[in-house]
Asks: 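Have a look at the structure that comes next, please.
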Amino acid sequence: MSIDFIFNMANNLVFLGWILLLAIPEWKYSRSLVQSGLIPILLSVIYAYLIATGWGSSQGGFGSIEGIRLLFGSDTLLVAGWVHYLAFDLWLGSWEYGDAKKHGIHRLVILPCQLLTFFFGPIGLLLYLVIRTIKTKKLAGHENF
């Protein structure tokens with residue numbers, strides 16, 4: 001399997017997940033593919049494969065900017081890093097949806113949060129946590145998850 005194929009497969013898989021989550025989150029297939037965690041799990045399997053096959057293929061590490069630059073000099077590890085973002089951002093967007101539902105926050109209110117999560121992960125999470133804190137009147141800390 002070529003790294004380009006894996007890259008495209010992961011992008012298509014996450015795009016499908018986000019379309020289902022944003023457009024039709026209550027559809028049974030949206031629940032079974034995204035909210036159950038199936039697509040993020042598949043992305044995690046892809047990530048594990050890339051790490052297993054690519055680790056040690058380049059110099060570098062996580063201790064410095066230069067180390068990270070060297071580490072991502074390998075296309076396999078670069079795509080692994082990308083898939084890492086894809087998996088976590090989709091999982092997070094799904095969590096936002098479920099958590100908002102649990103706290104009575106309307107889906108349209110969190111839609112901007114999810115879009116920001118899709119494009120800019122932590123910014124979407126930050127906006128969602130601000131909205132959640134305002135709605136619940138409790139600081140949205142990790143102990144409240």
Asks: Y85, I65: one ILVMFWY side-chain cluster at the under-4.5 Å cut-off?
Replies: no

Asks: In residues 105-127, what donor-acceptor pairs under 3.5 Å come from side-chain atoms, sequence neighbours left out?
Replies:
unit_1 : atom_1 : unit_2 : atom_2 : d
H106   : ND1    : L108   : N      : 3.0
R107   : NH1    : L22    : O      : 2.8
Q114   : NE2    : G93    : O      : 3.0
T117   : OG1    : E96    : OE1    : 3.1
T117   : OG1    : E96    : OE2    : 2.8
T117   : OG1    : C113   : O      : 2.8

Asks: Should the pair F88 and H84 be assigned to parallel (<30°), tilted (30 to 60°) or perpendicular (>60°) ring geometry?
Replies: tilted

Asks: Working to the nearest 0.5 angstrom, can you tell me the gap between T76 OG1 and I6 CD1?
Replies: 7.5 Å

Asks: What about I68 and L70, same hydrophobic cluster or not, with Ile/Leu/Val/Met/Phe/Trp/Tyr joined at side-chain heavy-atom distances under 4.5 Å?
Replies: no

Asks: How many angstroms lie between OG1 in T136 and CG in L129, if you round to the nearest 0.5 Å?
Replies: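 Between T136 OG1 and L129 CG, I get 10.0 Å after rounding to 0.5 Å.
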
Asks: Distance check, rounded to the nearest 0.5 Å: R31 atom CZ versus K28 atom NZ?
Replies: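 These two atoms lie 9.0 Å from each other.
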
Asks: Kindly say whether W91 contributes a backbone atom to a donor-acceptor pair with the side chain of S94 at under 3.5 angstrom?
Replies: no

Asks: Quick check: do Q35 and P25 have side-chain heavy atoms less than 4.5 Å from each other?
Replies: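 Of all side-chain heavy-atom pairs linking P25 with Q35, at least one is under 4.5 Å.
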
Asks: In the single-linkage hydrophobic clustering (I, L, V, M, F, W, Y; side-chain heavy atoms under 4.5 Å), do M9 and L33 co-cluster?
Replies: yes

Asks: Looking at every heavy atom in both S30 and I24, which two are closest together, and how far apart are they?
Replies: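 It is OG-O, 2.5 Å.
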
Asks: Ignoring hydrogens and angles, tell me if any N or O in the side chain of D99 forms a donor-acceptor pair with the backbone of W95 under 3.5 Å.
Replies: no

Asks: Which value, rounded to the nearest 0.5 Å, describes the distance between K138 atom NZ and H103 atom NE2?
Replies: 7.5 Å

Asks: Step by step, would you call L20 with Y29 a side chain to side chain contact (heavy atoms under 4.5 Å, CB included)?
Replies: CA-CA 8 Å; L20 293 172; Y29 295 110; 5.5 Å; no

Asks: List, one per line, each side-chain donor-acceptor pair under 3.5 Å for residues 38-54, sequence neighbours excluded.
Replies:
unit_1 : atom_1 : unit_2 : atom_2 : d
S44    : OG     : P40    : O      : 2.8
T53    : OG1    : Y49    : O      : 2.9
T53    : OG1    : L50    : O      : 3.4

Asks: Yes or no on side chain to side chain contact (heavy atoms under 4.5 Å, CB included) for K101 and E26, after CA distance, side-chain angles and deciding distance?
Replies: CA-CA 11 Å; K101 194 173 177 182; E26 288 301 318; 2.8 Å; yes

Asks: Tell me every residue that passes side chain to side chain donor-acceptor pair (under 3.5 Å) with W82, counting only those two or more places apart in sequence or in another chain.
Replies: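 If we apply the side chain to side chain donor-acceptor pair (under 3.5 Å) test to W82, skipping adjacent residues, the hits are N11.
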
Asks: Output yes when a side-chain donor or acceptor of Q59 lies under 3.5 Å from a complementary backbone atom of L71, and no otherwise.
Replies: no

